[in-house]
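Being a predicted model, the structure only gives us computed values, none of them experimental. Just so you know, ligand 1 is whichever comes first in the structure, and atom 1 is the first atom listed for that ligand.
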Amino acid sequence: MKVKEILGEIADKHRAEFEELYYLLEHLNPQSAEILFFYAHKIQIRSYGREVYLRGLIEFSNVCNRNCSYCGIRRSNKEVERYRLTEEEILACCDEGYQLGYRTFVLQSGEDSYYDDSRLVSLIHGIKESYPEVAVTLSIGERSYESYKHLFQAGADRYLLRHETASETLYQQLHPGMSFQKRRQCLQYLKEIGYQIGAGFMVGLPGQENEDLVKDLIYLQELQPQMVGIGPFLPHPKTPLGGFLSGTVEKTLVLIALTRLLLPESLIPATTALGTLDPRGREKALRAGANVVMPNLSPTEIRGKYELYPNKICTGDEAAECRLCIEHRIEDSGFQVNMGRGDHLEWRR
Ligand code: SAM
Ligand code: FES
């Protein structure tokens with residue numbers, strides 16, 4: 001009974017206390033999770049209707065100066081064949097994406113200092129000159145305030161920087177040489193500068209408890225990001241966490257749905273990691289409150305090299321095939337594809 005009451009209240013007020021969320025994570029069962037998904041779905045429809053937004057993802061470099069313990073392209077993994085795309089190659093991906101109807105390009109990479117501000121500014125200008133109406137999303141890690149500002153002034157619209165985990169202890173264990181406070185500071189800077197920001201976390205990290213996941217939700221509630229990426233942790237054999245179990249589909253869906261209740265207008269991707277864990281994972285996410293999908297636009301020759309975790313889906317498919325495949329999946333789940341920029345509602349008012 002108590003679970004239903006708490007769910008009803010959060011769905012109504014879009015706010016929750018630590019203890020309530022903790023109680024839910026400890027006591028939800030398959031039946032009460034259905035009630036949660038029902039509320040999440042209702043709120044999603046109220047905010048964005050049946051629209052699911054498509055973003056074209058370009059993984060332009062797998063070179064990374066960081067050594068996150070879970071990540072397949074971490075600096076210490078010497079078995080990765082590293083690549084960097086040139087500005088021309090990236091623009092060619094955008095061109096193909098534009099022809100396929102994409103109006104948001106997500107530029108993602110490891111933390112690669114080769115792409116300094118001047119290279120990135122030139123790239124952003126190149127994209128905006130050819131396609132003034134598209135949104136450019138960056139997902140290139142931690143940088144200085146000045147750098148974020150330069151890139152924003154050059155025309156970047158959005159920035160994805162998952163907080164990864166809101167547990168300070170876990171964060172410090174997983175990110176050698178990095179700082180929990182610094183990551184949060186970066187998110188604050190991005191918000192202040194005026195980007196639509198994306199935070200997010202992994203579910204099922206080794207050592208992660210329900211208490212830690214509640215901290216993630218409370219942090220999102222405070223930060224109020226426009227986008228939230230939530231995916232299961234998937235062990236990569238060439239990392240220190242290779243021997244651990246992956247996160248589960250069920251738990252990831254519960255966290256997506258709770259995020260939809262707390263941040264009713266957020267843009268939440270049905271992540272590739274979820275689609276990798278379960279062939280119907282992305283469809284399940286859409287029915288649990290997600291409303292974004294990010295098909296890959298990177299050249300097929302390099303896709304396999306951006307291996308954050310093993311067996312990543314869609315590494316062999318041409319952009320056009322991905323576009324069609326995902327459209328069918330979205331429609332089969334009872335939603336419709338929206339190829340527009342898909343800004344957060346606040347940006348449309
Ligand atoms: N370097 C940028 C950054 O740090 O934000 C963007 C690229 S990073 C590879 C993108 C995301 O992949 C990370 O935020 C992390 O959550 C996710 N990721 C990396 N390794 C993963 C794994 N083994 N399982 C699940 N997700 C993973
Ligand atoms: Fe790429 Fe399905 S989304 S093949």
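Within a 6.0 Å radius of NZ in Lys251, more than 12 heavy atoms belonging to other residues, nucleotides or ligands are found. Surrounding CG of Asn311 are at most 12 heavy atoms belonging to other residues, nucleotides or ligands under 6.0 Å away. More than 12 heavy atoms of other residues, nucleotides or ligands shown are found within 6.0 angstrom of CD on Gln99. Residue-environment remark: CD (Gln172) exceeds the threshold of 12 foreign heavy atoms within 6.0 Å.
Ranking protein heavy atoms by distance to atom 14 (O) of ligand 1, first place goes to Glu164 OE2, 2.6 Å. The protein atom (non-hydrogen) at minimum distance from atom 26 (N) of ligand 1 is Met202 SD, 3.5 Å. Ranking the protein heavy atoms by distance from atom 24 (N) of ligand 1 puts Leu234 N, 3.0 Å first. Among all non-hydrogen protein atoms, the one lying nearest atom 17 (C) of ligand 1 is Arg162 NH1, 4.0 Å. Here the heavy atom of the protein found nearest to atom 10 (C) of ligand 1 is Gln108 NE2, 3.9 Å. Summary of contacts: the protein heavy atom closest to atom 25 (C) of ligand 1 is Pro232 O, 3.3 Å.
In this structure, Lys2 forms a cation-pi arrangement with Tyr23, its terminal cationic atom sitting closer than 6.0 Å to the ring centre and no more than 45° off the ring axis.
A distance of 11.0 Å separates CG of Leu100 from CD of Glu321, quoted to the nearest 0.5 Å. The line from NZ of Lys215 to CZ of Phe201 is 13.5 Å long, rounded to the nearest 0.5 Å.
Considering each of Gly141, Ser246, Ser109, the one bringing a non-hydrogen atom nearest atom 1 (N) of ligand 1 is Ser109.
Contacts between Tyr306 and ligand 1 below 4.0 angstrom, taking non-hydrogen atoms only, involve the side chain exclusively. Contact annotation: for Arg66 versus ligand 1, there are no heavy atoms closer than 4.0 Å.
Each of the atoms 9 (C), 12 (O), 20 (N), 23 (N) of ligand 1 lies under 4.0 Å from some heavy atom of Leu308. Within ligand 1, counting atoms from 1 as listed, the ones closer than 4.0 Å to a heavy atom of Ser139 are 2 (C), 6 (C). Within the listing of ligand 1, atoms 19 (C), 20 (N), 21 (C), 22 (C), 23 (N) sit less than 4.0 angstrom from a heavy atom of Tyr70. Interface of Arg183 with ligand 1, defined as ligand atoms under 4.0 Å from a residue heavy atom, comprises 3 (C), 4 (O), 5 (O).
Residues Glu142 and Arg183 form a side-chain contact, since some pair of their non-hydrogen atoms from C-beta on lies under 4.5 Å apart.
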ask   = Is there a side chain to side chain donor-acceptor pair (under 3.5 Å) between Glu301 and Tyr83 once you walk through the steps?
value = CA-CA 11 Å; Glu301 314 85 78; Tyr83 71 86; over 6 Å; no
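Protein heavy atoms are absent from the 4.0 Å sphere centred on atom 8 (S) of ligand 1.
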